[in-house]
Amino acid sequence: MTSKIKAQLFCLYCNKETNHTITYKGEYLEDIKCNICGNEIRINREKLLETYTADFIDRALTKPYRITEEIKKDLSHFLKSMPIRILTKPYRVAREIGDMLHKKKGKNER
């Protein structure tokens, strides 16, 4: 099911706020088009998912460095926040991975 919504957004080409048409395919954003100049921004879900997955892996690989920098910056804040972070991080990571897989699975079923 495709639906279209009208909205006032800032157009980079017109350099002002103009009327735009936002198109959704089902629950997913498909494109945004300026009604004045016709500039259109298309959303590629597959590319977005690839980029997001690469970003997730990059964040996992750089976590030790980021933690070290956080310790250097403010050890007391790091120590205070650590217990709750240790408890919630597995849940947050599992939820993020589940969301990614669920969206990818839904795409393959269509």
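Note that the structure is a prediction, hence the values are computed from the model and not measured.
- Under the 4.5 Å side-chain criterion, counting only non-hydrogen atoms from C-beta, H20 is not in contact with K33.
- Residues C11 and C14 approach most closely at SG-N, 3.3 Å, considering heavy atoms.
- One distance of note links CE of M82 with CG of L87; it measures 10.5 Å at 0.5 Å rounding.
- Here the shortest heavy-atom pairing between D74 and S76 reads OD1-OG, 3.0 Å.
- For the atom pair CD1 of I43 and CG of D31, the computed distance is 8.0 Å after rounding to the nearest 0.5 Å.
- Rounding to the nearest 0.5 Å gives a distance of 10.0 Å between CG of L29 and CZ of R42.
- Rounding to the nearest 0.5 angstrom, the gap separating the CG atom in L79 from the CD1 atom in I71 is 7.5 Å.
- For OH of Y13, the number of neighbouring non-hydrogen atoms (other residues, nucleotides, ligands) closer than 6.0 Å is 12 at most.
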Review point. Going through the distances and angles, do N19 and Q8 end up as a side-chain contact (heavy atoms from CB on, under 4.5 Å)?
Key: CA-CA 5 Å; N19 290 324; Q8 281 277 323; 2.4 Å; yes
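- At a threshold of 4.5 Å between non-hydrogen side-chain atoms, the residues F10 and N15 count as touching.
- For residues 6-20, no pair satisfies salt bridge (Lys or Arg N to Asp or Glu O under 4.0 Å), with sequence neighbours left out.
- Defined by atom type and a distance below 3.5 Å, a donor-acceptor pair is present between the side-chain atoms of N35 and T21.
- Note on V93 and L61: separate hydrophobic clusters, where clusters join Ile, Leu, Val, Met, Phe, Trp and Tyr whose side-chain heavy atoms are under 4.5 Å apart, directly or indirectly.
- In terms of hydrophobic clustering, with Ile, Leu, Val, Met, Phe, Trp and Tyr side chains grouped at heavy-atom distances under 4.5 Å, I84 and Y91 are assigned to different clusters.
- With rounding to the nearest 0.5 angstrom, the OG1 atom of T68 is 11.0 Å from the NZ atom of K63.
- Among residues at least two apart or in separate chains, salt bridge (Lys or Arg N to Asp or Glu O under 4.0 Å) pairs with a member in residues 77-95 are E70-R85.
- Interatomic distance, C34 SG to E40 CD, rounded to the nearest 0.5 Å: 11.0 Å.
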